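Notes to accompany the following structure.
Note on naming: letters A, B, ... go to the chains in the order of the sequence lines (proteins, then strands), and numbering restarts at 1 for each one. Because the structure is a prediction, the values reported are computed rather than measured.
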Amino acid sequence: MNQRARWHVRDIILLALIGILFGVIFLGTNFIYDGLTVALTPVGLAPLANDISMGLWIMAGPLAGFMLRIPGAGFLGEFLAAVGEMFFGGQWGASTMISGAIQGVAIELGFTLTGYRFYNWITLLLTTLTSTVGTFAWDMFRNGYAAFSPKMLFLLLVVRFISIFFFGGILVKLITSLLERSHVLHR
Amino acid sequence: MNASLKLLLVLLISLEVSFTQSLSANLILITGSLFYLMIHKTSFRSLLLLGVVPFLPALGLFVTIYYFSPDHDLHFAWVLFTRMYVYVTAGASFTLTSTPLDLALSLEQNWHLPSKFAYGTLAAFNMLPKIKSAIVTIRTAGLMRGIVLSWWSPQLYFKAILVALNWSENLAQAMISHGFVEDQPRTFYRQIKITIIDYSMLIVIILAIQLPIWLLP
Amino acid sequence: MHSLTVNNLTFKYQPDAPIFENVNIALPLNQFNVLVGPSGSGKSTLLKIIAGLYPQFGGNLISGNITIDGINLSTNQHQIAMLFQNPNQQFTMDTPRNELIFVLENLQVKPSEMNARITESLNFVDCTELADQNFNTLSGGEKQKVALAVIVAMDSSVILLDEPFASIDPGARNHLLAKLTELRDKHHKTIILAEHDLHGYQEIADQVFQINPGDSNIVALTQDAKKKLFSQFKPITMTTRIKLPSEYDQPVITLDHFHLTQQNKTLLEQSKFTFFKNKITLITGENGIGKSTLFNAIIKLTPYQGKILVSGHDVKSMKQKKLTRQVGLVFQEAENQFMAITVAEEIELSKKHRLTTYFTDQLIKDSLSRLNLSDRLDQVVYSLSEGQKKKLQILLMLISGQQILLLDEPLRGLDIDSLAAVLVLIKKASLAQQQTVIMISHQLTDLAKWIDYHVLFAQQQLSYQEVL
Ligand SMILES: Nc1ncnc2c1ncn2[C@@H]1O[C@H](COP(=O)(O)OP(=O)(O)OP(=O)(O)O)[C@@H](O)[C@H]1O
Ligand SMILES: Nc1ncnc2c1ncn2[C@@H]1O[C@H](COP(=O)(O)OP(=O)(O)OP(=O)(O)O)[C@@H](O)[C@H]1O
Ligand SMILES: [Mg+2]
Ligand SMILES: [Mg+2]
């Protein structure tokens, strides 16, 4: 894959398309989230639904960052996906954009830590870490996580990390490997 | 109201209610948003949908806080419940009354967003209905060749991304052949302005909601 | 004479196989130039080079340039407008009017002049009523008309058209051809048009250029050669008789009290209609009448009212997974069919879950070579030429081997030889695998001898016809 410092219109379209694609997937994720919420509420673990689904919500950013390899791609991919979801009438309304921006910044931070120099497992581990911490901090406010017991918080954090690592790490890596092998990214 | 300012307003409101805990402010904001939507002739069906869409996640939050958090805080439970509705009604006040085109034009003309970002994103947004059907088509095309693609299969995403790559290539070529040149000046058929009224409305509304947010429970 | 000149052009996608080598041609200005050549010979490539899109978007320009009256092209932009072969992904905006505004803004036209130019150009191609309709709800033919309107609005002196009529019904095609002639005669435009199906061009074309893939060259045809070429495309005056279904035919797909709508518009309403087993049935009908939508309904991609019975079973109660193992659809857009990356991988994939063993490795190899795809095995499917995509797509679905095969415009954009090869392949495979074939086509040349039945889709009804 090539390193391009400048945004060209086709990169922007690609980024937006990925964002929108994931916006649609996020909408689907909302149903998974709802189902999990319904299932987990009676046992008092409803917030867990959020953390289990988090990985799917986070996927657009690492993927965009990996595919385009331009600083800012991770943020924009995630943010546009959120804007997309809001326009399609997602259940989180305007807060989607805020979550999207925060998730985007958190993901981008992972790429920034590598100095945009390498794109491998370490990068994905870093984005997983930064996005786990970043989104968790945000949920302290938005979803009232601050009210939970430390034990619960720890459980949520671990589940979130695993989810993000699975979807935003392993799955993204699988997809980008497929793309790499196909040479379609060498444009 | 100018699209980008409206979006800013919606964002500021959503951000503020995320960090504060005033039930009355939430209710006022929901009422205000609904009122705004109604004067913009939003269909009854859309309004009803706004009630249904956030219900499950809102209820989930309510139950968790009220029944399972250490303090069983009923007020906070209601705050979280109504907060979801603030997000959705405020969001809808923007999305149901402005189009992506309005927003793109305003960002391009008022905030000097480079036109390649404005129209690149817009081009992608306009493919939206195609994207939705493309995902269904991909699954069907797979089935016809004996491949079952599920939510978690990398193949589905992979194929979707191949499609996106291909479309971005085609769309970029189409834009260029329709005379679009990156970073070259363009004329504007629709002049988008931000008026004093727009700014005043933004400021007045923001100021007005500070009262209930900080003074009322 | 004034001309658009291709000077010393050498262009490659792959290092060892140039598409063009030292090509020198002069296309006269203010004339109607037709570009011909078999599928995959480089028509689209040449047009995109002239339009300035290649090598920016693909391929390597080894040497050469394009000049108009000796002046290098890249220095004077907006002289060239191009209509792409693929009717999709051609527009930035959501509606024709917004697209036209976008285009005129790009050309820095004064806002006060825009309305007049928009109205004028939409009028010119007779699609004023489409101005505010969303592109996603236009049929393929309608999109091509709007694309033409955009080109008229751009008012460029050179107009490039890449198989503009491949998915357009015969009536609309004649109308648009007349409009193109008008552009040349009244507005003095230079037209360069790539095409396989040369019906109706004999009187219009001033010059014909032929790409010879063998020596990677392009030549201007002499008068005699032109005559010979056009004689292959005699006007279709003779109608051929086609049999009607007999009482011995067995039903395979039955529509029962069937009602198909799209956006509150009724496309098809029929109390009973039957397609028959192990036959090749051709469906014809105007652009936008609902042919593709009907196919989509049969494989549960589009909702409908009433019943569809496939081999006696109600489609609605069938899982899509099971249904798609009985009914295969060759999509109108070839790219929808592809799942893998290279041609070879696509074929492997089809072999993996195929339903019959008719396609042996040897037969696949033979078929590939007859379709002229043998040397494309490692190419990424998306980079194939449109005709090559279509051929591969058909082969893939034939290998798959469903009992019922629905083909949506399988003959679009194929040259005469490919056309024959594809039809032979379909006929043989469907006989050997005992398949029912239902096929949509706007391209009707010589089709009569390949089909069993002809169904006309008109006025919201399907009906068997005795002629083609
Ligand atoms: N990116 C690419 N990499 C490799 N080969 C390519 C690429 N793009 C096109 N080709 C090949 O170059 C040749 C010319 O393609 P082009 O699309 O110009 O053909 P065409 O004459 O327009 O064919 P058709 O009539 O089918 O549209 C084809 O054989 C095609 O497979
Ligand atoms: N997604 C859609 N939403 C709304 N209308 C649509 C949609 N898809 C198609 N239509 C409309 O339905 C009608 C039938 O379309 P369809 O694609 O079935 O036509 P067709 O007979 O296959 O035409 P063509 O020969 O051009 O392929 C057209 O008028 C088209 O504008
Ligand atoms: Mg071509
Ligand atoms: Mg069709």
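With rounding to the nearest 0.5 Å, the separation of CG in B:L143 from CE in C:M339 is 8.5 Å. Distance check: B:Y189 OH to C:E105 CD gives 9.5 Å after rounding to the nearest 0.5 Å. For the atom pair B:Y119 OH and C:T92 OG1, the distance stands at 9.5 Å (nearest 0.5 Å). In this structure, CG on B:N166 lies 10.0 Å from OG on C:S383, to the nearest 0.5 angstrom.
Contacts of B:L149 with chain C are made by side-chain atoms alone, with heavy-atom separations under 4.5 Å and no backbone atom involved. Residue contact with chain C, scored on non-hydrogen atoms closer than 4.5 Å, involves the backbone and the side chain of B:L171 alike. B:P100 does not touch chain C: none of its heavy atoms, backbone or side chain, sits under 4.5 Å away. There is no contact between B:A104 and chain C, counting heavy-atom distances below 4.5 Å. Contacts of C:E335 with chain B are made by both backbone and side-chain atoms, with heavy-atom separations under 4.5 Å.
If you tally non-hydrogen atom pairs under 4.5 Å between each of C:F135, C:F102, C:F91 and chain B, the highest count goes to C:F102. With respect to chain C, the highest number of heavy-atom pairs below 4.5 Å among B:S115, B:P129, B:A124 belongs to B:P129. Counting heavy-atom pairs closer than 4.5 Å to chain B, the top residue among C:N336, C:N88, C:L160, C:I399 is C:N336. When B:Q191, B:R139, B:M175 are compared by the number of non-hydrogen pairs under 4.5 Å with chain C, B:M175 comes out ahead.
Without hydrogens or angle criteria, C:K110 side chain to B:T187 main chain gives no donor-acceptor distance under 3.5 Å.
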Under the side-chain contact (heavy atoms from CB on, under 4.5 Å) rule, what do C:R354 and B:R145 come out as? Steps first, then yes or no, please.
CA-CA 7 Å; C:R354 65 186 151 178; B:R145 314 265 295 276; over 6 Å; no

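At a cut-off of 3.5 Å, with distance as the only test, no side-chain donor of C:Q89 or B:K130 sits close to an acceptor on the other residue.
Side-chain atoms of B:T140 and C:L301, non-hydrogen and from C-beta on, do get closer than 4.5 Å to each other. With contacts defined as side-chain heavy-atom distances shorter than 4.5 Å, the pair B:M144/C:Q337 qualifies. Side-chain contact between B:I176 and C:F57 is present, with at least one heavy-atom pair separated by less than 4.5 Å.
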